[in-house]
K.L.:
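Sharing a structure here in structure tokens format.
Model, not experiment: these values are computed from the prediction. Counting begins at 1 with the first residue of the sequence.
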Amino acid sequence: MKTYKNPILFTTEYGAIISGIATNSIINSLNSINNQSIRLSIGAFNTSLIPSILCEAKTPPLGFADDTMLVTRAKSTQELEAVTNEALSLVEQRITGLGLQIAVEKTEAVLFTYKYKYTQPAIKLCGGDVELSTEMNYLGMVVDRSMLFKGQVKKAAARAAGIGNQLARIMPNVGGPREDRRRLLSSVVHSVLLYGAPSWAHTLELVPGNVQTLNRAQRKVLLRCICAYRTVSKAATNVIASTPPADLLAVERMAAFDRRRAPAAPTAGDVPRTKTMEAWQERWSTEESGSWTRRLIPDVRPWCARSHGLVTNFHLTQFLSGHGCFGQYLHRFRKSDNPRCVDCRAPTDDAEHAFFECDRWWRRRMELKATINGPFTPETVVGKMMESRSNLAAVERFVKEVLTKREAEERERQYQEQNT
């Protein structure tokens, strides 16, 4: 395609047509035209902006990636049919005049309306009929007739899940890439999952199902990122991974986009990430699942703002989630006959008992308290871990020692049961 640097302005019964790149001066000149119903921008660009058509009153032309879009608006089916067919006729003339052909078989048309009963308009292009559909694909996004973007969210979640499954093959819980590389790989999934978020994030409040779909797809990759068992809840997974839920990230991207386009300078309180963290903390405080993780990490803001230990490993995740080699957890999945502790015979062997109460490890706990120079309790341990790298390393060594021995002994116990 050629690039037309000098736009040519035509006037029609409905408004105006621009061929070429619509500069600000041309857009301003269009604003002076009274009662416009159509503004067309047909042009080709050498880089990223490709031909676009916008057909709407008092709205400047838009640039899209590689397709030609026509948007018409009317109050009745008859008016919509007349305006659309007239606009398509003009578009056809201009495109064929440039030596190009229109792929009628690839043309999609969607009628956006909130009415339950309506008459479908007859749309004509190049002598043929254009069938109306319930949704259309444009720039990699699925736009449905209700403008609720249910199809887009499902499509993005499916693609993100597929990429996550492929990445999971190279990210086993034990071994595989380092923790920082796991976070890098998970960012790929987030880019796919949140594609075009500024366009559809505003619908999340109207469609709770979209929120569930997004967060479910996000959870799969975060489980691999933090080396967690798949039984860990969505809420706890997000907190351990220091990653806000996907729906809040989508709203944040929309807010950041609007913030960049705002004419007035934003204030300090309008920072999108600050609002995201506040909304996440409010949700985390009332969450029913992840009670053990919430006891360790009651506030997500300092946890996510820590300067070291930004990633976790297999054993530390068991400590933070409470899902691991513990009698209660093994009994829950029928891997053990009872939830008792095999070391001190306590009736309930959970994460709190294993790390903070079991008599087998009391000497190591005393050494750990001396190392971190403070108490070692569920309410204080994460705060101590965030104080310094040495404290974090000391807690990690203790957790790894306890779980490594427990896992070896549990494997031996199960082996003995199978061979007796």
K.L.:
Among Leu88, Thr84, Leu70, find the residue that satisfies the side chain to side chain contact (heavy atoms under 4.5 Å, CB included) test when tested with Leu125.
P.N.:
Leu88

K.L.:
Only counting residues at least two apart or in another chain, list the ones meeting side chain to side chain donor-acceptor pair (under 3.5 Å) with Thr293.
P.N.:
none

K.L.:
Might you work through the salt bridge (Lys or Arg N to Asp or Glu O under 4.0 Å) test for Arg145 and Glu135, ending with a clear yes or no?
P.N.:
CA-CA 6 Å; Arg145 61 179 299 272; Glu135 63 182 27; over 6 Å; no

K.L.:
Tell me whether the NZ or CZ atom of Arg301 lies within the 45° cone about the ring axis of Trp303 and under 6.0 Å from its centre.
P.N.:
no

K.L.:
Which heavy-atom pair separates Lys335 from Glu410 by the least distance, and what is that distance?
P.N.:
O-OE2, 4.0 Å

K.L.:
Is any side-chain N of the basic residue among Arg273 and Glu252 closer than 4.0 Å to the acidic one's carboxylate O?
P.N.:
yes

K.L.:
Does a donor on one side chain and an acceptor on the other come within less than 3.5 Å for Gln418 and Gln414?
P.N.:
no

K.L.:
Measuring only between side-chain heavy atoms, which start at C-beta, is Pro198 closer than 4.5 Å to Asp258?
P.N.:
no

K.L.:
Would you mind checking if Glu396 and Lys400 are paired as a salt bridge, meaning a charged N to carboxylate O distance below 4.0 Å?
P.N.:
no

K.L.:
List in chain and number order the residues that pass side chain to side chain donor-acceptor pair (under 3.5 Å) with Gln218, two or more places apart in sequence or in another chain; answer none if no residue qualifies.
P.N.:
His190, Asn238

K.L.:
For residues 380-387, run the donor-acceptor check on the side chains, cut-off 3.5 Å, and write out each pair with its distance to 0.1 Å, sequence neighbours left out.
P.N.:
unit_1 : atom_1 : unit_2 : atom_2 : d
Thr380 : OG1    : Pro375 : O      : 3.2
Thr380 : OG1    : Thr377 : N      : 3.2
Thr380 : OG1    : Thr377 : O      : 3.4
Thr380 : OG1    : Thr377 : OG1    : 2.8
Lys384 : NZ     : Asn373 : O      : 3.3

K.L.:
Under 3.5 Å, is there a donor-acceptor pair between the Ser285 and Gln281 side chains?
P.N.:
yes

K.L.:
Step by step, would you call Arg389 with Ser307 a side chain to side chain donor-acceptor pair (under 3.5 Å)?
P.N.:
CA-CA 9 Å; Arg389 295 181 183 274; Ser307 59; 5.6 Å; no

K.L.:
Rounded at 0.5 Å granularity, tell me how far CH2 in Trp284 sits from CD1 in Ile297.
P.N.:
7.0 Å

K.L.:
List the atom of Leu204, the atom of Val211, and the distance in Å for their closest heavy-atom pair.
P.N.:
O-CG2, 3.7 Å

K.L.:
Rounded to the nearest 0.5 Å, what separates atom OG1 in Thr317 from atom CD1 in Ile226?
P.N.:
5.0 Å

K.L.:
Once the angle between the rings of Phe356 and Phe376 is folded into 0 to 90°, is it parallel (under 30°), tilted (30 to 60°) or perpendicular (over 60°)?
P.N.:
parallel

K.L.:
Is any side-chain heavy atom of Trp200 less than 4.5 Å from a side-chain heavy atom of Met141?
P.N.:
yes

K.L.:
Check this for me: does any side-chain nitrogen of one of Asp343 and Lys405 sit under 4.0 Å from a carboxylate oxygen of the other?
P.N.:
no

K.L.:
Could you tabulate the donor-acceptor pairs under 3.5 Å formed by side-chain atoms of residues 148-162, not counting sequence neighbours?
P.N.:
unit_1 : atom_1 : unit_2 : atom_2 : d
Gln152 : OE1    : Val142 : N      : 2.9
Lys155 : NZ     : Gly140 : O      : 3.4

K.L.:
Walk me through it: do Leu80 and Thr72 pass the test side-chain contact (heavy atoms from CB on, under 4.5 Å)?
P.N.:
CA-CA 7 Å; Leu80 180 64; Thr72 59; 3.3 Å; yes

K.L.:
Does a donor on one side chain sit under 3.5 Å from an acceptor on the other, for Tyr329 and Ser336?
P.N.:
no

K.L.:
Atom OG1 in Thr276, atom CD in Glu278: separation rounded to 0.5 Å?
P.N.:
9.0 Å

K.L.:
Rounded at 0.5 Å granularity, tell me how far CZ in Arg219 sits from CG in Leu223.
P.N.:
4.5 Å

K.L.:
Do Phe355 and Phe326 come within less than 4.5 Å of each other through their side chains, counting heavy atoms only?
P.N.:
yes

K.L.:
With sequence neighbours excluded, tell me which residues meet salt bridge (charged side-chain N to carboxylate O under 4.0 Å, His left out) with Glu409.
P.N.:
Arg360

K.L.:
Does anything in residues 121-134 form a side-chain hydrogen bond (donor to acceptor under 3.5 Å, both in side chains)? List the pairs, not counting sequence neighbours.
P.N.:
Lys124-Asp129

K.L.:
Just verifying a value: how many Å separate Gln212 CD and Asn215 CG, rounded to the nearest 0.5 Å?
P.N.:
6.5 Å

K.L.:
Please report the C-alpha distance between Gln328 and Glu352 in whole Å, then the side-chain angles of each, then the deciding distance to 0.1 Å, and finally whether the side chain to side chain donor-acceptor pair (under 3.5 Å) criterion is met.
P.N.:
CA-CA 11 Å; Gln328 187 182 55; Glu352 181 176 8; over 6 Å; no

K.L.:
Compare every heavy atom of Asn85 with every heavy atom of Ile123, then report the nearest pair and how far apart it is.
P.N.:
CA-OD1, 3.5 Å

K.L.:
Any idea which heavy atoms bring Ser242 and Trp280 closest together, and the distance?
P.N.:
C-CH2, 4.1 Å

K.L.:
When rounded to the nearest 0.5 angstrom, what distance separates CZ in Arg94 from OG in Ser89?
P.N.:
12.5 Å

K.L.:
Looking only at side chains, do Asp144 and Ser146 share a donor and an acceptor under 3.5 Å apart?
P.N.:
yes

K.L.:
Grab the two heavy atoms, one from Gly327 and one from Asp349, that are nearest each other, plus how far apart they are.
P.N.:
N-OD2, 2.8 Å

K.L.:
Thinking salt bridges, do Arg294 and Glu287 make one under a 4.0 Å N-O criterion?
P.N.:
no

